[in-house]
Amino acid sequence: MTPPPPPRPDGPCEPPPPHPLVARARRLADDLLEPWAERVDAEGVPVGHIQEIKRSGLLGVSAPRAYGGAGAPAAVARETAEILSGACGATWFVQTQHHTPVRMLARSEGPVRERLLGPLSRGELLSGVAYAHLRARPRTPVRAVRDGGGWRFAGTVPWYTGWGLNDVLLLAGITDGDEALFAFAEAREQPGLGASEPLRLAALGGARTVSLELDGLWLPEEAVVLRTPYDRWAADDRLRTLDTNPAVFGLAGAALTLLDEETAAGFRARLARVRSAAYALADSPPGSRLDERLALKTEAFALLQAATTAAVVAGGGRTMLLTHRAQRLAREALFLLVQGQTRETRAAQLSALGR
């Protein structure tokens with residue numbers, strides 16, 4: 001006999017509760033990050049913000065459970081990134097640097113993994129990154145040369161975010177054998193490592209971005225996390241940068257809250273469609289549907305530009321004040337257009353803008 005169907009609920013089904021880290025990100029955004037965002041934009045990310053990020057567990061969202069991380073699904077990491085970026089771009093950008101070193105350590109072997117993966121996964125330490133200059137080829141801004149039981153780094157890192165907030169940094173250089181070599185250093189001035197004054201930036205000026213001068217900084221072999229042929233690293237980097245950054249959707253969503261419902265409705269429908277398609281591609285096998293990923297990333301950028309521009313238009317002349325939220329969001333949108341840029345993504349964006 002077929003059992004009777006279960007009774008229908010009297011009312012609509014309640015949505016499942018959010019993942020604990022999503023709930024923490026939302027509380028942090030509502031209670032701290034968004035109320036302070038304009039001041040942070042002008043004065044810099046305070047140490048207190050970083051302490052709260054460390055305590056929240058968000059630094060370990062994708063880190064392995066065995067090392068104290070949350071091991072959360074990619075969808076959770078994306079949603080927390082959207083929340084933080086929509087609340088305060090500078091704070092989001094400082095903490096987002098941390099997740100690349102964690103992922104790299106989780107895939108590595110050797111003493112640096114055992115020394116740092118736990119503290120980084122648990123949020124005891126915050127890491128920055130100094131490797132975007134690798135995309136400058138054929139130029140080689142930073143060289144790494146074998147010296148005894150370690151490596152000496154020389155050159156200039158044009159952009160380093162989080163100086164004075166990070167505990168460690170992941171530094172990359174090119175070896176004489178045309179390899180990309182990544183190693184960890186303490187994020188402080190030391191023999192062979194100096195920092196400029198904070199750079200004056202049009203957007204995310206609060207993220208404490210400096211340039212680093214490397215004049216023979218020596219790091220032991222035990223600090224190395226990855227050493228791989230440059231072409232192999234560049235191919236992997238190309239695949240990573242083709243997916244749309246969740247911050248694009250977080251920032252666009254924040255801009256839509258500044259519009260009236262009638263104006264925002266059309267934007268929200270487009271945002272939901274592009275976001276869903278972008279994340280479906282991000283979850284598909286790496287290296288697949290590359291043209292679609294690039295086209296969708298370009299479409300997401302166009303939507304971000306339109307949403308933040310609409311917020312400026314809706315706010316009128318007062319949005320020209322640097323203290324206005326729409327002004328900040330529009331500048332942060334410009335930053336996302338070039339963040340992690342490669343020749344391929346630049347060409348696609350320019351082609352789209354010219355149509």
Side-chain angles (χ1 to χ4, degrees), residues 24-56 58-59 61 77-101 123 126-130 132 157-167 169 187 195-212 245-255 257-258 304-305 307-308 311-312 319 321-341:
R24 284 179 217 164
R26 176 56 63 197
R27 286 196 300 271
L28 193 61
D30 291 345
D31 297 344
L32 179 65
L33 301 188
E34 190 172 317
W36 276 71
E38 274 64 59
R39 184 171 175 180
V40 166
D41 183 54
E43 300 177 7
V45 176
V47 172
H49 277 38
I50 298 305
Q51 290 172 338
E52 291 300 319
I53 292 283
K54 286 180 172 181
R55 281 194 283 264
S56 71
L58 291 166
L59 294 179
V61 58
R78 291 192 292 249
E79 189 169 0
T80 59
E82 287 185 20
I83 292 169
L84 297 181
S85 60
C88 176
T91 303
W92 161 76
F93 193 52
V94 170
Q95 68 80 42
T96 202
Q97 314 291 311
H98 178 91
H99 302 292
T100 296
L126 177 69
S127 182
V129 296
V157 176
W159 310 97
Y160 179 78
T161 294
W163 186 253
L165 298 171
N166 298 321
D167 302 293
L169 63 87
S196 71
E197 292 298 312
L199 303 177
R200 295 185 63 195
L201 304 177
L204 278 76
R208 302 201 189 187
T209 299
V210 299
S211 62
L212 300 178
N245 189 331
V248 170
F249 302 119
L251 196 58
T257 65
L258 302 180
L304 173 63
Q305 285 181 287
T308 52
V312 170
T319 63
L321 294 170
L322 288 176
T323 53
H324 197 284
R325 188 180 181 207
Q327 153 77 223
R328 174 177 59 82
L329 295 176
R331 287 184 284 109
E332 290 175 357
L334 290 175
F335 166 80
L336 288 180
L337 293 181
V338 297
Q339 189 257 333
Q341 187 185 67

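- Contact record, Ala87 with Ala37: O-CB, 3.4 Å, taken as the closest heavy-atom pair.
- Residues Val248 and Asn245 meet the side-chain proximity criterion, which asks for heavy atoms closer than 4.5 Å.
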Go through the steps for Arg325 and Leu258 under the test side chain to side chain contact (heavy atoms under 4.5 Å, CB included), then give the verdict. CA-CA 9 Å; Arg325 188 180 181 207; Leu258 302 180; 3.9 Å; yes

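- Distance check: Ile83 CD1 to Arg27 CZ gives 11.0 Å after rounding to the nearest 0.5 Å.
- Proximity of Asp41 to Leu322: side-chain heavy atoms (C-beta onward) are nowhere separated by under 4.5 Å.
- Between the CD1 atom in Ile53 and the CZ atom in Arg24 there is a gap of 12.0 Å [rounded to 0.5 Å].
- Considering all non-hydrogen atoms of both residues, Trp159 and Thr209 come closest at CE3-CG2, 4.0 Å.
- Proximity of a side-chain donor or acceptor of Glu38 to a complementary backbone N or O of Thr323 within less than 3.5 Å is not detected.
- Separating the NE2 atom in His49 from the CG atom in Leu32 is a distance of 4.0 Å, to the nearest 0.5 Å.
- Among Leu33, Leu204, Val94, the single residue meeting the side-chain contact (heavy atoms from CB on, under 4.5 Å) criterion with Val45 is Val94.
- Pro46 and Val40 get closest at one heavy-atom pair: CD-CG2, 3.8 Å.
- When all heavy atoms of Leu337 and Gln341 are compared, the closest pair comes out as O-NE2, 3.9 Å.
- At a threshold of 4.5 Å between non-hydrogen side-chain atoms, the residues Gln97 and Asn166 do not count as touching.
- Atom OG1 of Thr161 sits about 12.0 Å away from atom CZ of Arg208, to the nearest 0.5 Å.
- Counted by atom type alone, Arg55 and Gln51 present zero donor-acceptor pairs between their side chains at under 3.5 Å.
- Across Leu199 and Pro158, no two heavy atoms sit closer than the pair CD1-O, 3.9 Å.
- Gln95 contributes atom CD, which lies 10.5 Å from atom CZ of Phe93 (distance to the nearest 0.5 angstrom).
- Under the 3.5 Å distance criterion, the side-chain polar atoms of Asp167 are matched with a main-chain donor or acceptor of Leu126.
- Counting only distance, with no hydrogens or angles, the side chain of Thr96 and the backbone of Trp92 share no donor-acceptor pair below 3.5 Å.
- In this structure, Thr91 contributes its side chain and Cys88 its backbone to no donor-acceptor pair below 3.5 Å.
- Rounded to the nearest 0.5 Å, atoms CG (Leu251) and CZ (Phe335) are 11.0 Å apart.
- Ion pair Glu332/Arg328 flagged as a salt bridge, since at least one NZ, NE, NH1 or NH2 atom sits closer than 4.0 Å to an Asp/Glu carboxylate oxygen.
- His98 places a side-chain N or O within 3.5 Å of a backbone atom of Ser127 that can act as its donor or acceptor partner.
- Across all their heavy atoms, Ala195 and Leu212 have their closest contact at CB-CD2, 3.9 Å.
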